[in-house]
There are 2 protein chains.
Amino acid sequence: MTEHERPAVTVDVFALTFLENDLRVLLIQRARPPHAGHWALPGGFVEPHEPLAKAAERELFEETGLKVNRLEQLHTFGDPGRDPRGWAISIAFIALVAADAARLIGDDEEVMAIQWHPAHDLPPLAFDHVQIIDHAMQRLRERADDLAWLGQALPARFTLSELQRLYELAGGQEVDKRNFRRWAFAQGCLEKTEAMRYGDHRPAHLYRLKSVP
Amino acid sequence: MTEHERPAVTVDVFALTFLENDLRVLLIQRARPPHAGHWALPGGFVEPHEPLAKAAERELFEETGLKVNRLEQLHTFGDPGRDPRGWAISIAFIALVAADAARLIGDDEEVMAIQWHPAHDLPPLAFDHVQIIDHAMQRLRERADDLAWLGQALPARFTLSELQRLYELAGGQEVDKRNFRRWAFAQGCLEKTEAMRYGDHRPAHLYRLKSVP
DNA sequence: ACAAAAGTGTTGCCCTTACACCCATGC
DNA sequence: GCATGGGTGTAAGGGCAACACTTTTGT
């Protein structure tokens, strides 16, 4: 097995949240070449004998301070030329996270800045990360009606209007309010809380996801 | 980038067909260690700067003589210990192929035998290939009602009963004949041919998939 | 009082499901 | 002529989509 040339192997993480009424992607600004100054998905080299999901979890935490439980494998990218340093393949993961739980304090010299970027207004990206994000948004569309999964992008408590807006952005189409509410309740993963959200107008009931062990 | 230890990177192909009224998986018998004598999915090392799908296509052809156009990426496996030779990750692909188009004449000294194995009666397998097959069968269940995709496992012309049997095996549940036919036609990917299949009993009309460019 | 978001039911339609008998051929 | 798989239609029920007005708060 030693006779074969080997590629560098990395993991990249597409982390998505719902913040300020919009879908946002977690990006870091690279401090060093290649692509110094450009924005990129958090990620890095897999360590020897490290499970891939663990590597993704670790890199995400090192670079952004974000701790995530459920990473889902998305796709593996290995096209020639995707990394200017040479032959490299990357396993991409997708995670939905609550933005309020995130401090975003990285501990990595290679990172200049960390930011939740609006998913539909992205800066120029390093490597082939545009492709990775395309795949991820596609996956999001396909799984939008898995409410228990989608809801992970929301804070612990949220209004039904927020949930609906998230659902519409993820799925790529608008839906009727009453139909949505009926459908959402029927999914059986919502729990009404006593709390209300007070704001500009009529207060809204807050809901949370039923914890699924 | 040179300072990192690198894993061996391979591809494996789960090729499925519908043969003798049953789902069958293409397996090769390994001629050399590790796991000499055991059956395994076709696959092998990715060559430097080779696109992953190309590598899978090439390895499948070298080991089994099977040419396949549409390989779909399935999942990437990288758990420690999955290869006794050391750190290795594998990108698994899934392909549905018509068995009649397959000659199964490999050109590889490492392969002792090639066979379409009944998917529900598999021999002991090398590496973590049981896991890969589990994932693949899961994917099959999820996509069973994509008829244009599923139909690739059939020969160029087939009867509706064959299609239904394939559908039931893939999806894991039986369906009513009349309902299935109505639904299958409604998918819009079937074309009736003039030909009939003559056999033990009343002849059956043959259908084919509409070619999707 | 008015602007703005929260909240709430009913109806029609289509799609899905359940279900049973005749037909054409080989032996 | 009989055994075997091929082939066909209908009716009832459930789920989905369309649709508008009242309520509650902030200003």
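Residue numbering restarts at 1 for every chain, and letters A, B, ... go by the order of the sequence lines.
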Can you give the donor-acceptor pairs under 3.5 Å from side chains of residues 166-174 of chain A to other protein atoms, not counting sequence neighbours?
residue: Glu168(A); atom: OE2; partner: Gln164(A); partner atom: NE2; Å: 3.1
residue: Glu168(A); atom: OE2; partner: Val175(A); partner atom: N; Å: 3.0

* To do: For DNA chain C, note the earliest and the latest nucleotide, 5' to 3', having some atom under 4.0 Å of a heavy atom belonging to chain B.
  => dT17(C) to dG26(C)

Which residues pass the side-chain contact (heavy atoms from CB on, under 4.5 Å) test with [X], sequence neighbours left out?
X	result
Lys210(B)	Glu191(B)
His201(B)	none
Ser161(B)	Thr159(B), Arg181(B)
Ala95(B)	Val68(B), Leu71(B), Val97(B)

Rounded distance (Å) that lies between atom [atom2] of [N] and atom [atom1] of [X]:
X	N	atom1	atom2	answer
Leu206(B)	dG6(D)	CG	C1'	12 Å
Asn21(B)	dG5(D)	CG	P	10 Å
Asp176(B)	dT8(D)	CG	C1'	11 Å
Met196(A)	dT25(D)	CE	P	7 Å
Arg197(B)	dG6(D)	CZ	C1'	13 Å

* By a strict heavy-atom criterion of less than 4.0 Å, which residues belonging to residues 180-191 of chain B are in contact with DNA chain D? ->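 Arg181(B), Arg182(B), in order of number.
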
* Which residues in residues 144-167 of chain B have at least one heavy atom lying under 4.0 Å from any atom of DNA chain D? -> Ser161(B)

* To do: Determine whether the side chains of Trp149(A) and Glu72(A) contain a donor N or O and an acceptor N or O closer than 3.5 Å.
  => yes

I'd like a table of donor-acceptor pairs (distance under 3.5 Å, sequence neighbours excluded) in which one partner is a side-chain atom from residues 29-44 of chain A, with atom names and distances.
residue: Gln29(A); atom: NE2; partner: Gly37(A); partner atom: O; Å: 3.0
residue: Arg30(A); atom: NE; partner: Pro34(A); partner atom: O; Å: 2.8
residue: Arg30(A); atom: NH2; partner: Pro34(A); partner atom: O; Å: 3.2
residue: Arg32(A); atom: NH2; partner: Glu109(A); partner atom: OE1; Å: 3.1
residue: His35(A); atom: NE2; partner: Phe127(A); partner atom: N; Å: 3.3

* Please identify each residue that fulfils ring-ring contact (aromatic ring centres under 6.0 Å, His included) with His135(A), with sequence neighbours left out. =>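 ring-ring contact (aromatic ring centres under 6.0 Å, His included) list for His135(A), sorted by chain: His75(A), Phe77(A).
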
* To do: Can you sort out the partners of Tyr198(B) under ring-ring contact (aromatic ring centres under 6.0 Å, His included), two or more places apart, ordered by chain and number?
  =>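 Partners of Tyr198(B) under the ring-ring contact (aromatic ring centres under 6.0 Å, His included) test: none.
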
* Derivation of the side chain to side chain contact (heavy atoms under 4.5 Å, CB included) call for Leu147(B) and Trp183(B) -> CA-CA 10 Å; Leu147(B) 208 52; Trp183(B) 171 82; 4.0 Å; yes

* Pair Leu16(B)-Leu140(B), side chain to side chain contact (heavy atoms under 4.5 Å, CB included): steps then yes or no -> CA-CA 10 Å; Leu16(B) 187 87; Leu140(B) 189 65; 3.7 Å; yes

Could you list all N or O pairs between the protein and nucleotides 20-22 of chain D that sit under 3.5 Å apart?
residue: dA20(D); atom: N1; partner: Arg178(A); partner atom: NH1; Å: 3.3

* **Contact nearer the 5' end of DNA chain D, comparing His205(B) with Asp200(B)** =>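 That would be Asp200(B).
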
* Could you work out which one of dT4(D), dG7(D), dG9(D) sits closest to the side chain of Asn179(B)? => dG9(D)

* **Lys192(B) charged N/C atom sitting above Tyr207(B) aromatic ring, 6.0 Å / 45°** => no

* Does the pair Arg143(B)/Asp146(B) count as a salt bridge with the N-to-O cut at 4.0 Å? -> yes

